[in-house]
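Worth knowing before you read on, the calculation uses all heavy atoms, side chains too, and leaves out hydrogens, waters and symmetry mates. No experiment lies behind these values; they were computed from the predicted model shown.
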Amino acid sequence: MDRRKRTIGTPVWKPVCTQASSLEEPVVKDVGVESEIGSQMQEVNESMIEVKDVAVSPKALEDDIEDEASKENPVLSAAKHSLSVEVGASVIQFVRGKDGSTKEKIEKETGVQIILPSSKQEDAIIIEGTSAVSVAKASKEIQHIINEAVKNPSLDYSHFVSLPLAIHPELVAKLFNFQNSILGISDANAGENLEGNSNGDGSEGDAQDEHLDKGSAVAVELKVANDMESVKVDVRGIPLVSYAPKEPKDSKSSSLSDLRIEKSIFIKPKTFHLTVLMLKLWNKERVNLATEVLKSISPKVMDALDNRPLFVRLKGLDCMRGSLDKARVVYAPVEEIGSENRLSRACQVIIDAFVEAGLVLERDIRHEFKLHATVMNAKHRKRRKNRKVKSDFFNACGIFKQFGSEEWGEYLIREAHLSQRFKYDENGYYHCCASIPFPENMQVD
């Protein structure tokens with residue numbers, strides 16, 4: 001009887017990828033189970049059988065492994081389970097914890113290895129373990145952390161629905177003039193320096209002041225017709241004159257510092273907009289869902305606007321939080337031209353759709369809708385190394401005195417954006433994930 005060999009290939013579990021539609025379900029990109037079984041030579045009375053890339057269920061795979069383990073001479077390594085949980089870069093810090101403490105705690109309790117993204121461009125946490133149970137337990141712990149992180153006020157909003165106003169160059173120019181006037185910048189081209197809304201260190205001005213201090217000695221030169229002649233001057237007869245010290249060049253800066261006003265709290269003119277709704281979209285699935293929601297309601301928004309162009313008027317300033325001497329947010333009030341309430345209806349259509357899709361936090365649902373165009377926000381203040389406490393307010397009394405009745409102008413609203421914060425398009429506006437148009441021309445029946 002012929003003695004033939006039987007080769008057992010490596011079984012691979014290939015489940016179908018699933019997608020999470022809620023916080024309770026992690027977003028799984030792929031699950032791979034790897035099993036290394038040493039080649040075995042067995043004498044059988046059957047023909048040679050070769051098995052490769054067999055798709056089996058997890059239960060069947062575990063049964064096969066147990067059967068093989070019960071044999072006398074197998075060479076078998078532990079199975080490796082891997083799970084990919086998609087999250088946004090903003091919540092990674094909560095999974096990591098202080099000095100990696102949260103990550104290490106989960107790894108110790110579940111016996112898995114958690115691999116965090118190495119850069120902000122990556123958006124997946126990899127969980128690897130020797131059993132499906134341990135991987136699932138770690139995934140559940142991470143999902144719970146993410147759920148709590150989203151509710152945490154320290155997790156900033158990642159996206160928002162906006163009505164862009166920076167598309168109007170004349171309005172952008174007015175905002176640059178507004179900022180320059182407050183900051184005491186007279187250079188007509190200084191607006192470009194405000195784009196980054198960053199704090200200047202004033203090193204150039206300090207260097208100039210230091211140079212002037214070194215040259216404080218006074219030289220008096222008396223010219224005569226003949227070099228051989230001399231002139232005697234009785235200094236005792238010259239009265240002493242006392243001059244008031246000149247005002248330091250940085251007195252304006254000192255005054256602004258006292259008022260807690262600096263570049264970083266101004267809104268970038270090229271990002272000027274009306275805010276409709278703030279969102280926390282911490283993974284691609286939720287961003288994609290938000291995109292679909294906005295595009296799907298375009299006809300309803302058009303109906304709310306009666307398919308007619310919408311113009312708004314911006315006039316004066318108002319303070320959203322705090323008093324004028326301790327202002328937190330200063331904005332330009334918005335008034336719909338025509339007073340038909342079409343803009344409010346359109347915005348409500350957008351808000352209701354996002355709430356229904358489960359994309360709005362519970363606490364934000366309870367907030368009263370207030371359409372506004374922010375010009376200054378103390379929350380945007382950049383923290384300095386020598387400043388222990390970040391100032392969350394500024395004195396806006398002088399600003400209101402000068403610009404409280406400012407006429408910003410009338411402007412057409414052309415579209416609604418799903419905008420991504422902290423990321424900008426080439427024109428300087430927030431990165432647009434999706435948009436729907438507003439009517440620009442009158443409909444003719």
Side-chain angles (χ1 to χ4, degrees), residues 21 157-168 170-172 267 271-281 286-316 318 320 329 331-375 408-421 425 427 429-445:
S21 58
Y157 293 94
S158 61
H159 297 73
F160 64 105
V161 178
S162 70
L163 307 180
L165 289 173
I167 56 176
H168 302 285
E170 63 274 25
L171 178 55
V172 172
I267 300 300
T271 66
F272 198 54
H273 62 275
L274 300 179
T275 303
V276 178
L277 180 66
M278 299 301 296
L279 300 166
K280 292 185 180 182
L281 308 177
R286 294 182 72 83
V287 174
N288 292 338
L289 176 58
T291 297
E292 294 172 4
V293 169
L294 183 63
K295 291 182 177 180
S296 68
I297 60 175
S298 182
K300 292 183 178 180
V301 172
M302 285 288 195
D303 289 342
L305 295 171
D306 294 335
N307 290 300
R308 291 184 288 121
L310 178 71
F311 289 86
V312 296
R313 179 185 297 111
L314 304 178
K315 182 178 180 180
D318 205 345
M320 181 174 293
V329 177
Y331 66 96
V334 183
E335 176 186 341
E336 177 186 340
I337 296 178
S339 301
E340 299 177 79
N341 212 32
R342 291 185 295 136
L343 178 57
S344 295
R345 292 201 304 268
C347 290
Q348 197 61 52
V349 168
I350 295 173
I351 294 172
D352 291 344
F354 278 84
V355 170
E356 184 177 352
L359 294 171
V360 184
L361 298 180
E362 185 66 30
R363 64 182 183 134
D364 291 331
I365 295 176
R366 297 193 296 267
H367 286 177
E368 180 183 358
F369 169 65
K370 187 178 183 66
L371 197 64
H372 60 281
T374 302
V375 294
W408 302 101
E410 300 178 359
Y411 304 97
L412 174 69
I413 304 295
R414 293 178 177 171
E415 54 193 340
H417 273 214
L418 174 59
S419 304
Q420 180 177 349
R421 299 185 69 201
D425 291 335
N427 59 0
Y429 194 71
Y430 292 101
H431 174 67
C432 179
C433 301
S435 66
I436 57 175
F438 276 28
E440 291 195 37
N441 300 309
M442 297 294 294
Q443 297 292 326
V444 180
D445 296 332

Has [X] got a side-chain atom pairing as donor or acceptor with [Y]'s backbone, closer than 3.5 angstrom?
X      : Y      : answer
Asp306 : Arg342 : no
Arg414 : Ile167 : no
Asn427 : Tyr429 : yes
Glu415 : Ser435 : no
Arg421 : Tyr157 : yes
Ser296 : Val293 : yes

Worksheet entry | Contacts of type side chain to side chain contact (heavy atoms under 4.5 Å, CB included), residue Ile337, not counting sequence neighbours | Phe311, Arg313, Glu410
Worksheet, complete the sentence: The side chain to side chain contact (heavy atoms under 4.5 Å, CB included) partners of Ala416 (sequence neighbours excluded) come to Leu163, Ile350, Ile436, Phe438
Discussion item. I want to check something: taking the side chain as every heavy atom from C-beta on, are Glu170 and Tyr411 in contact at a cut-off of under 4.5 Å?
Written reply: yes
Distance check, rounded to the nearest 0.5 Å: [X] atom [atom1] versus [Y] atom [atom2]?
X      : Y      : atom1 : atom2 : value
Ile267 : Phe272 : CD1   : CZ    : 8.5 Å
Met278 : His159 : CE    : NE2   : 10.5 Å
Leu418 : Glu292 : CG    : CD    : 11.5 Å
Ile297 : Phe354 : CD1   : CZ    : 6.0 Å

Item to complete: Ignoring hydrogens and angles, state whether a donor on the side chain of Thr275 or His273 is under 3.5 Å from an acceptor on the partner side chain.
Response: yes
Discussion item. Given Leu359, which partner from the list Asp364, Leu277, Leu281 fulfils the side-chain contact (heavy atoms from CB on, under 4.5 Å) test?
Written reply: Leu281
Looking at every non-hydrogen atom in both residues, tell me the closest pair between [X] and [Y] and how far apart they are.
X      : Y      : result
Glu336 : Leu343 : OE1-N, 3.1 Å
Leu412 : Pro309 : CD1-CB, 3.9 Å
Trp408 : Ala332 : NE1-CB, 3.9 Å
Tyr430 : Thr271 : CE1-CB, 3.5 Å
Lys315 : Pro333 : O-CD, 3.3 Å
Ala373 : Leu165 : CB-CD1, 4.4 Å

Worksheet item: Can you check side-chain contact (heavy atoms from CB on, under 4.5 Å) on Ile413 and Leu305, steps first, answer last?
Response: CA-CA 11 Å; Ile413 304 295; Leu305 295 171; over 6 Å; no
Discussion item. Taking atom CD as the centre, does Glu356 end up with more than 12 heavy-atom neighbours from other residues, nucleotides or ligands that are less than 6.0 angstrom away?
Written reply: no
Discussion item. Considering only residues two or more places apart or on different chains, which pairs with a residue in residues 343-354 satisfy side-chain hydrogen bond (donor to acceptor under 3.5 Å, both in side chains)?
Written reply: Asn341-Ser344, Gln348-Asp352
